[in-house]
Amino acid sequence: MITLRNITLRRGTKIVLDDASVTLQPGEKVGLVGRNGAGKSSLFALLTDRLQSDKGEVEIPRQWAVGEVAQNMPETEMPATDYVLEGDTRLMAARKALEEAEAAEDGHAMADAHGLLMDAGAFDARPRAQALLMGLGFKGVQVDAPVNSFSGGWRMRLQLARALMCPADLMLLDEPTNHLDLDALVWLEAWLQRYDGTLIIISHDREFLDAITKVTLHLDEAKLMRYGGNYTAFEAMRAERMVLQQAAFEKQQDRMAHLQKFIDRFKAKASKAKQAQSRVKALERMERLAPVLTASDFSFEFREPISLPNPMLMFDEVACGYATPEGDKIIVRGIDRSVLAGQRIGILGANGQGKSTVVKTVARMQRAMGGKITEGKGLSIGYFAQQEMDVLRPDEGPLSHMVRLAKEVSPGAREQELRDFLGQFRFVGDMVNQAVGSLSGGEKARLVLAMLVWQRPNLLLLDEPTNHLDLQTREALSMALNEFEAR
């Protein structure tokens with residue numbers, strides 16, 4: 001059983017949890033939901049001891065093994081299967097015990113280590129690891145390819161497979177559906193439905209949550225509220241609770257106004273003084289109910305471009321790829337077409353086929369491996385990277401990013417104007433100076449959106465833009481793109 005008791009947690013000046021309490025039973029499958037920046041990933045860090053609470057207690061059974069998906073991109077030449085195998089902590093501990101026993105030539109310890117290896121399923125561990133890889137979309141020839149030979153999307157699948165390989169009593173999955181195609185998503189749903197440990201998932205995919213979870217934890221305004229049901233049930237129950245809460249608040253306000261009116265009218269009359277005083281005491285004893293407060297609607301729009309070249313881009317037998325120590329590796333070749341103003345173009349293909357490579361080439365993030373790209377006069381590119389940190393600096397705050405951007409595209413902009421603009425994207429107060437590296441994935445994505453809007457681009461390049469965005473921000477992006485399309 002997991003128990004959080006009266007937890008207060010701060011990240012810098014921000015209170016993430018305020019006197020929060022919740023209990024989760026063994027084997028429950030839980031969806032952790034809340035807007036971007038609410039503190040969901042911080043709660044995961046608290047459960048894994050990467051963060052310590054400022055007040056309160058976190059109780060997790062000591063013997064429980066915890067599995068989670070690492071968010072960093074792995075850089076290693078280790079074969080994919082071996083990399084995934086390292087996620088099996090029991091197997092790795094048994095292998096280490098055997099190595100130490102053999103080095104010490106301790107027969108009893110070697111026997112014990114072989115027993116640990118058997119308990120850890122060492123004899124079928126490799127096929128189990130490869131089954132995970134195949135389920136997540138890797139082909140037979142890829143399961144032993146070097147990790148650093150894969151694209152970013154495939155490496156995140158490797159991190160997911162490594163987490164699933166862990167014999168965990170508690171599994172923490174933060175946005176596991178990012179970078180998955182439909183087949184891999186269906187496979188993951190089935191795997192998680194069979195998983196018999198305790199599962200907590202952060203996701204903004206309501207269909208995915210509905211298919212797997214039976215409990216929903218809502219993190220809002222530094223409070224944790226538990227709902228018995230999947231995401232759809234949570235929405236219905238929360239809406240009902242908010243209606244009841246607002247009705248109770250309004251009823252109390254009417255009662256308080258009635259008492260205060262009596263007090264004001266009769267407190268000076270001797271014949272009514274005793275009754276007035278009793279109402280004063282009743283008013284003082286009354287526990288004040290809070291009004292229903294919900295996150296304000298978030299919306300934005302792309303500003304009118306300064307110019308609109310047509311054609312915007314012309315490709316002449318362009319080849320895209322990346323440089324390696326052995327030479328240029330071409331992934332996509334023979335691109336021969338024009339991009340006209342007003343067009344909406346989707347780039348489709350399996351992970352690793354070169355979609356992000358093409359976009360990075362067009363965005364001038366890397367050079368073309370062949371052919372020629374001709375840009376229209378006045379072309380202004382707005383690039384949303386699949387990995388936000390490709391265009392952000394981890395040690396600088398949102399305001400520093402906007403100041404640097406403004407110097408390039410609008411030198412006359414004042415700092416207060418930039419602060420007000422960031423406020424439209426929910427970067428308020430001290431958040432404008434908070435290091436980007438400490439922001440949540442959704443907050444980083446929102447900062448990239450803000451920078452895109454400020455640039456007034458006439459060509460948008462969006463590489464997996466909905467990753468990490470909460471449902472409200474996804475809706476705002478969809479509306480903004482529809483408006484951009486109408487121009």
Side-chain angles (χ1 to χ4, degrees), residues 36-37 296-313 339-344 359-366 373-439 441-463 465 468-469 473 476-487:
N36 288 148
S296 59
D297 290 339
F298 173 64
S299 64
F300 69 96
E301 62 180 19
F302 291 99
R303 300 188 288 184
E304 192 76 29
I306 296 173
S307 62
L308 199 63
N310 196 21
M312 290 190 162
L313 290 168
V339 177
L340 306 179
Q343 284 186 321
R344 301 295 176 266
V359 172
K360 287 181 179 179
T361 304
V362 177
R364 314 180 189 116
M365 299 290 289
Q366 57 192 44
I373 301 176
T374 304
E375 298 183 355
K377 185 177 180 180
L379 181 70
S380 174
I381 295 175
Y383 171 49
F384 189 106
Q386 184 182 114
Q387 300 297 323
E388 294 91 351
M389 296 313 294
D390 287 349
V391 294
L392 298 177
R393 300 184 182 184
D395 298 329
E396 296 184 8
L399 182 58
S400 296
H401 283 79
M402 289 303 301
V403 168
R404 186 171 57 255
L405 178 63
K407 287 179 180 178
E408 297 176 9
V409 300
S410 49
R414 303 184 310 276
E415 181 177 314
Q416 188 58 50
E417 184 181 359
L418 299 175
R419 286 178 176 269
D420 293 343
F421 180 76
L422 283 170
Q424 298 174 27
F425 288 83
R426 295 180 180 161
F427 294 102
V428 297
D430 294 335
M431 278 193 73
V432 299
N433 293 315
Q434 183 177 340
V436 164
S438 67
L439 297 177
E443 288 168 328
K444 292 170 188 171
R446 220 165 45 235
L447 176 56
V448 175
L449 283 177
M451 294 170 68
L452 282 186
V453 172
W454 186 268
Q455 291 175 59
R456 300 177 68 177
N458 47 40
L459 174 62
L460 287 174
L461 300 174
L462 307 178
D463 191 353
H468 305 298
L469 294 183
T473 309
L477 175 59
S478 177
M479 296 293 289
L481 290 174
N482 285 335
E483 291 296 323
F484 188 77
E485 182 176 353
R487 294 182 181 137

Taking atom [atom1] of [X] and atom [atom2] of [Y], what is their separation to the nearest 0.5 Å?
X    : Y    : atom1 : atom2 : result
Q455 : S380 : CD    : OG    : 6.0 Å
Y383 : L452 : OH    : CG    : 10.5 Å
F421 : M402 : CZ    : CE    : 5.0 Å
E417 : W454 : CD    : CH2   : 4.0 Å
I381 : M365 : CD1   : CE    : 11.0 Å

Inset, instruction - For R404, check salt bridge (Lys or Arg N to Asp or Glu O under 4.0 Å) against everything at least two apart and list the hits. - result: E396
Inset, instruction - Kindly determine whether V362 and V339 satisfy side-chain contact (heavy atoms from CB on, under 4.5 Å), including the steps that lead there. - result: CA-CA 11 Å; V362 177; V339 177; over 6 Å; no
Taking the side chain as C-beta and beyond, is there a heavy-atom pair between [X] and [Y] under 4.5 Å?
X    : Y    : value
E375 : L313 : yes
L439 : M431 : yes
L399 : F427 : no
K360 : D463 : no
V436 : K444 : yes
L447 : L422 : yes
L460 : F384 : no

What is the minimum heavy-atom distance between [X] and [Y], and which atoms define it?
X    : Y    : result
L392 : P394 : O-CD, 3.8 Å
G382 : P457 : N-CB, 3.5 Å
N310 : A341 : OD1-N, 3.0 Å

So does [Y] get a backbone contact from the side chain of [X], meaning a donor-acceptor N/O pair under 3.5 Å?
X    : Y    : answer
N458 : S307 : yes
Q434 : D430 : no
N433 : G397 : no

Inset, instruction - Using only heavy-atom distances, determine whether the side chains of Q424 and D420 contain a donor-acceptor pair under 3.5 Å. - result: no
Legend entry - Set of side-chain hydrogen bond (donor to acceptor under 3.5 Å, both in side chains) partners for E443, sequence neighbours left out: S440
